[in-house]
Amino acid sequence: MTNAASQLRIYNTLTKEKEPFEPLQAPKVGIYLCGPTVYAESHMGHMVGPVIFDTIKRYLRHSGYQPVLVVNITDVDDKLINKSHERGIPVSQIATEMTADYLANLRELGVNQIDYMPRATDHMDDIIDFIRQLIEKGFAYEADGDVFFDVVKDPNYGQLSNRNLDDQLGEGGGAAAKKRSAGDFALWKSAKPGEISWESPWGQGRPGWHIECSAMSHKILGDTFDIHGGGLDLMFPHHENELAQSSCCHNQPMVKYWMHNGLMRAGQKGKLGGKSDREQAAAAEESVEEAASAKISRSKGDGGLSGLIQRHTGTRIRFFLLRTHYRSTILFSEEGLEEAGTALDGFYRLFDRFAEITGLSFYDGKDLTPAVTREEGEFDAGDNEMLQQAAQLRASYLQAMDDDFNTGLAVSSLFDWLRMTNRYLDQHQLAAGAETQSAEVQALITSLKAMKELTTILGLFEKPPAQAGGDDDSQELLDKTVRLLIDLRKSARENKDYATGDAIRDRLGEIGIALLDKKEGTSWERQ
RNA sequence: GGCGACUUGGCCGAGUGGUUAGGCAGUGGAUUGCAAAUCCAUGUACAGCGGUUCGAAUCCGCUAGUCGCCUCCA
């Protein structure tokens, strides 16, 4: 891009400022996002980071960079060990189950940009080596089979979360007695009998929380990399400690841009973060239900995140998340998801109109191959007013994304685009049977191709709207049945028997099928 | 107690000191046999008080309220 005004800026938690984005080694961009500790099924809150970072990676590529996205899986940890005792099954089994659940949810939300997904247990050598280096360099010490990071040795400790060492309480318990100062944190924890453990220079044990991220990010992305992301709740202690470990070990900054997404809140009083995971899940579920039960009766019943996905589709959830800026708190409610769905329906209807006119699918990348980069996506609007507006909307969209990935603002351009296109179709009376080679239709295709470019950055509309329930066969059967009714209604109306026609429409409406009369015929959709 | 974020019209939600955010819902109109869909039009919004400024939702201060982190959390 030659236009200097369209420079990407990123809010850096470390400096608390929006800074121009300048990768360390352009065009390469290394991104590390803290993934989950896989001890329980994921909830909505776990999806915020992956969705926004998936989008960020897409946008960086669109901006001409070559981003690499790493999301870790922490599969050994105190909580996993507790869970393992509770359920009487091995840590590895829980980790495998919960990782599968996490991945399935990501897939549903269209998160498909992750390049590496390292697991802590696959990197035990790297972790141990990392700890050994920290001890050698004097930043860590062993104490009776445990290894701690010596916080006072790091003059910059607290820089990320803006904290004084004096205020730190540190983790209590039996480990506290072994620590030199309260703020010291464990790099290696000695194993109690019966616990999962690995051999190390300090005896049998397992890594502390934080060190796996330092080790794995270093392994894949190097001493210093461009972007490190995660939820705001991870800023302290997790990221602060990661930062301390890595910067001390390699004697250089760990990360250039620290990015933190806002947390999700449920309902009025409930929250998605809590004490134990059980309580947390229960609290979230309760308040969600409480908020939703007032108006949306069918939202009753649980099923966690996968239930939500079933009820609302992954696209809807993804859109719901991207409507808000990533740094703000998202207030979760099923009503909010419903509303997001209503908003999305307008796009689906436009894409239906588009398909009727052109025979092309908006969803299929083959019919409308979107531009991969900004430069590639530039198009000549000529003297076509609609295309000129489209070019303007595209510019606004990209400008919004350049401003710290303001997806909420970017989305508003898409809505403007939607209305503009419908107006265009109305004015030119473009409908099924239109001359495909005409200038009007060709301009429409150019416009929607550009729109596709932008929706692809957000990861939206990559698939046709999911129809709840039913395989392809029953879908087809249903379609034929409804069309039969539409035909009968048509004959009735041709005979001015509106009572029968309306009865068919009304009764279909009662079972959730809406008929849409258009000049060129009647189509139907689910409600 | 320490650190920090937030408070925008009925609801959700953007917002770079002066120009329409956008969505959902509502109202009026066009269109329609009637609807739906679509289009057009439509809202004395910026927690309160004080200050800076020619001008503030946007900067500063105070007050009130909501929330987060400081212990495990995306």
Side-chain angles (χ1 to χ4, degrees), chain A residues 13 16 18 33-37 39-40 42-53 71 77-79 82 102 158 161-164 166-173 183 209 229-238 240 260-265 268 271-277 280 319-320 323-325 327-331 333 335-336 338-346 349-350 352-353 396 399-400 403 406-416 418-427 493 496 498-499 501-502 505-506 509 514-519 522-525 527:
Chain A
T13 316
K16 296 184 171 55
K18 275 186 204 170
L33 171 68
C34 279
T37 300
Y39 66 98
S42 34
H43 61 249
M44 274 289 280
H46 292 120
M47 297 294 115
V48 179
V51 166
I52 182 63
F53 277 89
V71 180
D77 159 270
D78 289 0
K79 280 179 302 216
N82 293 340
Y102 182 69
S161 55
N162 189 24
R163 260 157 238 265
N164 295 16
D166 311 337
D167 301 334
Q168 296 318 305
L169 302 171
E171 31 178 347
W209 187 40
L232 209 50
D233 53 343
L234 292 184
M235 193 160 85
F236 188 90
H238 186 57
E240 191 71 68
H260 289 96
N261 59 266
L263 303 180
M264 177 168 278
R265 279 200 308 133
Q268 305 94 334
K271 52 177 187 174
L272 289 179
K275 302 229 164 72
S276 75
D277 57 296
Q280 151 182 326
F319 176 68
F320 175 75
R323 285 172 86 184
T324 314
H325 186 88
R327 277 193 284 122
S328 55
T329 304
I330 302 177
L331 209 67
S333 72
E335 284 163 297
E338 283 291 333
E339 197 203 297
T342 306
L344 235 29
D345 285 343
R349 286 197 201 94
L350 172 64
D352 282 348
R353 287 182 89 176
S396 316
Q399 199 182 335
D403 184 13
N406 193 336
T407 53
L409 186 57
V411 159
S412 74
S413 297
L414 256 25
F415 279 103
D416 288 340
L418 169 64
R419 191 172 336 104
M420 170 192 80
T421 311
N422 274 321
R423 192 191 307 135
Y424 179 80
L425 297 184
D426 287 355
Q427 279 170 356
R493 293 171 71 213
K496 305 267 186 219
Y498 294 119
D502 291 352
R505 182 176 64 200
D506 293 345
L515 298 187
L516 292 80
D517 290 334
K518 300 170 194 172
K519 288 196 186 75
T522 301
S523 63
W524 69 277
E525 67 183 26
Q527 283 179 322

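Chain A is the first sequence line, chain B the second, and so forth, proteins listed ahead of strands; every chain is numbered from 1. Remember, predicted model here, so these are calculated numbers, not experimental data.
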Next item on the list: Kindly give the heavy-atom pair with the smallest separation between A:Tyr102 and A:Gly35, and that separation in Å.
Entry: OH-CA, 4.3 Å
Checklist line | Side-chain donor/acceptor of A:Thr342 to backbone N/O of A:Glu338, under 3.5 Å | finding: yes
Margin query: What I want to find out is whether A:Asp502 reaches A:Arg505 closely enough, with some N-O distance under 4.0 Å, to be called a salt bridge.
Written below: yes
Check: Do A:Lys18 and A:Asp403 come close enough that some side-chain heavy atom pair is under 4.5 Å?
Finding: yes
Next item on the list: Give the rounded distance in Å between these two atoms: CG of A:Asp233 and P of B:A74.
Entry: 7 Å
Notebook entry, point to check: Among B:A74, B:C70, B:C11, which is the nearest nucleotide to the side chain of A:Phe236?
Noted result: B:C70
Checklist line | Least distance between heavy atoms, A:Ser161 atom then A:Met235 atom | finding: CA-CE, 4.0 Å
Notebook entry, point to check: In whole Å, what separates the C1' atom of B:C59 from that of B:G68?
Noted result: 25 Å
Next item on the list: Take the protein atom CE of A:Met235 and the nucleotide atom P of B:C69, then report the distance between them rounded to whole Å.
Entry: 11 Å
Checklist line | Nearest-nucleotide 5' precedence on RNA chain B, A:Ser413 against A:Gly501 | finding: A:Ser413
Notebook entry, point to check: Quick one: are A:Arg353 and A:Asn422 in side-chain contact, heavy atoms under 4.5 Å?
Noted result: yes
Check: Could you give the CG-to-C1' distance, from A:Asn261 to B:C6, as a whole number of Å?
Finding: 16 Å
Checklist line | A:Arg163 CZ - B:G68 P separation (whole Å) | finding: 15 Å
Notebook entry, point to check: Just checking A:Gly229: base, sugar-phosphate only, or nothing, at a heavy-atom cut-off of under 4.0 Å?
Noted result: nothing
Next item on the list: Taking all heavy atoms of A:Ala340 and all of A:Phe320, pick out the closest pair and write down the distance.
Entry: CB-CB, 4.2 Å
Next item on the list: Please tell me if the side chains of A:Thr324 and A:Leu331 come closer than 4.5 Å, counting only heavy atoms from C-beta onward.
Entry: no
Note to self: With rounding to the closest Å, how many angstrom separate the C1' atoms on B:U58 and B:U16?
What the structure shows: 9 Å
Checklist line | Side chain to side chain, A:Asp345 and A:Glu525, heavy atoms closer than 4.5 Å | finding: no
Note to self: If you assign each of A:Val411 and A:Leu263 to its closest nucleotide in RNA chain B, which residue comes earlier from the 5' end?
What the structure shows: A:Val411
Check: Within this structure, what is the CZ-to-P distance between A:Arg265 and B:A5, rounded to whole angstrom?
Finding: 17 Å
Note to self: Can you check the distance between B:U63 and B:U27, where both ends of the measurement are the C1' atom (answer in whole Å)?
What the structure shows: 39 Å
Check: Less than 3.5 Å between a donor and an acceptor, one on the side chain of A:Arg505 and one on the base of B:C34, is that the case here?
Finding: yes
Checklist line | Stacking of A:Phe415 on B:G23 base (centres under 5.5 Å, planes under 30°) | finding: no
Within the sub-3.5 Å range, which N or O atoms of nucleotides 36-40 of chain B have a protein N or O partner, and how far apart are they?
unit_1, atom_1, unit_2, atom_2, d
B:A36, N1, A:Asp517, O, 2.9
B:A37, O3', A:Arg349, NH1, 3.3
B:U38, OP1, A:Arg349, NH1, 3.4
B:U38, O3', A:Asn422, ND2, 3.2
B:U38, O2', A:Asp426, OD1, 3.4
B:U38, O2', A:Asp426, OD2, 2.5
B:C39, OP1, A:Asn422, ND2, 3.4
B:C39, O4', A:Asp426, OD2, 3.2
B:C40, OP1, A:Arg423, NE, 2.7
B:C40, OP1, A:Arg423, NH2, 2.7

Check nucleotides 13-17 of chain B for protein N or O atoms closer than 3.5 Å to its own N or O atoms and list the pairs.
unit_1, atom_1, unit_2, atom_2, d
B:A14, OP1, A:His325, N, 2.8
B:A14, OP1, A:Ser328, OG, 3.1
B:A14, O3', A:Asn406, ND2, 3.2
B:G15, OP1, A:Asn406, ND2, 3.0

Checklist line | Distance between C1' atoms of B:G15 and B:C3 (Å, rounded) | finding: 27 Å
Margin query: Between B:G65 and B:G48, how far apart are the two P atoms, rounded to whole Å?
Written below: 16 Å
Margin query: With a cut-off of less than 4.0 Å, is there a side-chain N or O of A:Asn162 near OP1 or OP2 of B:G4?
Written below: yes
Notebook entry, point to check: Where is the tightest heavy-atom contact between A:Gly231 and A:His260, given as atom of each residue plus distance?
Noted result: O-CD2, 3.4 Å
Margin query: For A:Lys518 versus A:Ser523, what's the shortest heavy-atom pair and its separation?
Written below: NZ-OG, 3.4 Å
Next item on the list: Specify the closest pair of heavy atoms between A:Tyr498 and A:Arg493, including all atoms of both residues, with the distance to one decimal.
Entry: CE2-O, 4.2 Å
Item checked: Dot-bracket encoding per residue of RNA chain B, Watson-Crick/G-U cut-off under 3.5 Å, | denoting interstrand -> (((((((..(((.....[...))).(((((.......)))))....(((((..]....))))))))))))....
Next item on the list: Tell me, yes or no, whether the heavy-atom count around A:Lys496 atom NZ, taken from other residues, nucleotides or ligands under 6.0 Å, exceeds 12.
Entry: no
Notebook entry, point to check: Taking atom C1' in both B:A25 and B:C67, what distance in whole Å separates the two?
Noted result: 27 Å
Margin query: Between P on B:C69 and NE2 on A:His238, what's the gap in Å once rounded to a whole number?
Written below: 16 Å
Next item on the list: May I have the distance from A:Leu232 (atom CG) to B:C70 (atom C1'), rounded to whole angstrom?
Entry: 13 Å
Next item on the list: State, yes or no, whether a side-chain contact exists between A:Thr329 and A:Leu263 at a heavy-atom distance under 4.5 Å.
Entry: no
Notebook entry, point to check: Taking the same atom, C1', in B:U44 and in B:A35, what whole-Å distance lies between them?
Noted result: 35 Å
Margin query: Could you tell me how far B:G10 sits from B:U71 if I compare only their P atoms? Round to whole Å.
Written below: 41 Å
Note to self: Whole angstroms only, please: what is the CZ-P distance between A:Phe319 and B:C12?
What the structure shows: 16 Å
Note to self: Looking at the base of B:G33, is there any donor atom on it, or on the side chain of A:Arg493, that sits under 3.5 Å from an acceptor on the other one?
What the structure shows: yes
Notebook entry, point to check: Base, sugar-phosphate, or nothing: which does A:Gly230 touch, judged by heavy atoms less than 4.0 Å apart?
Noted result: sugar-phosphate
